[in-house]
2 protein chains.
Amino acid sequence: MRPSDLPQVRALRLFESMSDPSFAALMQASYLQTFPAQLDLIHEGESADFLYVVIEGCVELYARSNGREATMAMAHPVTTFILAAVLRDAVYLMSARTCTRSKLLLIPAQNVREALEGDDGFARAIIQELAGCYRGVVKEYKSLKLRTSVEQLANRLLRYRKERGDADGAFELPYDKKTLASLLGMTPENLSRSFNTLKPYGVEVNGSQVRLTDVKALEILAKPNTLIDERAN
Amino acid sequence: MRPSDLPQVRALRLFESMSDPSFAALMQASYLQTFPAQLDLIHEGESADFLYVVIEGCVELYARSNGREATMAMAHPVTTFILAAVLRDAVYLMSARTCTRSKLLLIPAQNVREALEGDDGFARAIIQELAGCYRGVVKEYKSLKLRTSVEQLANRLLRYRKERGDADGAFELPYDKKTLASLLGMTPENLSRSFNTLKPYGVEVNGSQVRLTDVKALEILAKPNTLIDERAN
DNA sequence: CGTAGATTTGACGGAGTTCAAGCCTAGTGG
DNA sequence: CCACTAGGCTTGAACTCCGTCAAATCTACG
């Protein structure tokens, strides 16, 4: 990989407390590669050969069973994915494909595990990262179990507005509606109907542009919950 | 806590690679206590003061939002629960109550974090434990997103039969049906109807006694999936 | 301007919830 | 030993939500 890409990787919370030699050794064995959109990266059931880090672009994590497919999560810069499989030397539980053209760092799983043995700072950083991922899934799981589709969509819109809304509070949907639907656990048709349901609550949709004109009303419907919707914690 | 209880705690994978002094210090500060059934232990949103270990009995982890309540998981001997909150020094994402009279070990969160700093063996054991918990939730999440209620129940029954079925393959449901329903993400009424739906597939239910007389047929319906239903991985 | 793909809409059916009533069982008290 | 009652479980009916299929519409891009 190119030396010019190292600093941004080094700055990741996961790597910042790592010793210089460990980091150098790890990067020595890694690949930084750009993939086109819609490319299958890994499949559930395969053994975990690499730890992935999203440097640029966006990766969809999805799974199949009982003849169905569902989006499990979206990985954005700068995060890792499938860390747990690598640490346990197990098979992937999810598949992954790029959404857009994406720059990814591939770190051989064996090297990650070796670095873990030799570098206690890295081990502690891994614990924090893992615990954070764990809590992330628990939140998704809670949301799915405790909210209706419309509530999930409403909360998701409120979150997007907070994270990336402009001065007016308008924002663009980060994925196409088909993907958003799958992420929220519904069909594209149902997502479309859910947007309609939310129209009386000040949700204006135009293609991928969204504007919330009555956040108060939407919040009453959505009942946002710190223990589900906050990125921190 | 009583010295006679130490060995079984020490034998936990989480603690076995810990140094003797670290373990002694940790236990020194801990409490081993027996709680009656249906007792609330912790509430979501509270700061994580203790790491819990189920020594005997059974603990239900549940969550509330949008005016609803759902069972998230059941903790059995011998497992920890709410480890991630303790490690991140964050608030609990789930509440917990005992199902039956239960013997629990309470380890002060601060001591866990200190032990982590000083004991690398413990840090590595934590990584494995956390990664395992993480993969556990992902499996639950997949199951909920990819399966219908009936399929979930069918797979759950197949799992119980494998785990605790007697010579005939008969077994007892581990929780009352209301709890089982909530765990599977459905109402008690719907669980009852799902059992009826499964009758033609050889599922005989008598109170809490279950016998599967046609595992092949049930498997065709359930489509069990190694990447969801296997305890290992 | 035309086409492919994405999105929306309509119609329908199936799955799941709610509410209400009935049943069954275990523990209680006579 | 036998009612009796409370709670858990089941059943029925009505309704809502959501998925499926098919068709219409929209949109981006060549």
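Throughout, a chain's letter reflects where its sequence line sits, starting with A, and its residues are numbered from 1.
At whole-Å resolution of the value, NZ in K199(B) and P in dT10(D) are 10 Å apart. As rounded to whole Å, 14 Å separates atom P of dC18(D) from atom CZ of R147(A). A straight line from CG of N190(A) to P of dG14(C) spans 18 Å, rounded to a whole angstrom. Separating the CZ atom of R68(A) from the P atom of dC18(D) is a distance of 16 Å, rounded to the nearest angstrom. Residue L144(A) contributes atom CG, which lies 14 Å from atom C1' of dC18(D) at whole-angstrom precision. What separates CZ of F195(B) from C1' of dG16(C) is a distance of 17 Å, to the nearest Å. Straight-line distance from the CD atom of E151(B) to the P atom of dG16(C): 9 Å, rounded to whole Å. At whole-Å resolution of the value, CD in Q152(A) and C1' in dC17(D) are 14 Å apart.
T98(A) and Q38(A) share no side-chain donor-acceptor pair at under 3.5 Å. Side-chain N/O atoms of D176(B) and T179(B) include a donor and acceptor closer than 3.5 Å.
Listed nucleotides dT18(C), dT7(C), dT20(D) differ in distance to K177(A); the shortest reach to its side chain belongs to dT7(C). In the set dT7(C), dT18(C), dG19(D), the nucleotide with an atom closest to the side chain of T187(B) is dT18(C). When each of dT17(C), dT9(C), dT10(D) is scored by its nearest atom to the side-chain atoms of M186(B), the top-ranked nucleotide is dT17(C).
Close to dG7(D), at under 4.0 Å from its OP1 or OP2, lies no side-chain N or O of K178(B). A sub-4.0 Å separation between OP1 or OP2 of dT11(D) and a side-chain N or O of N196(B) is present. One finds a side-chain N or O of S149(A) lying less than 4.0 angstrom from the OP1 or OP2 phosphate oxygen of dC18(D).
Both G185(A) and G207(A) sit near DNA chain D, but only G185(A) has its closest nucleotide nearer the 5' end.
Between the side chain of R193(B) and the base of dT18(C), a donor-acceptor pair under 3.5 Å is found.
The backbone N or O of R147(B) lies less than 3.5 Å from no partner atom in the side chain of K223(B), so there is not a single donor-acceptor pair. A donor-acceptor contact shorter than 3.5 Å links the side chain of E46(B) to the backbone of H43(B).
Note: F81(B) and Y52(B) meet the aromatic proximity criterion, with ring centroids under 6.0 Å apart.
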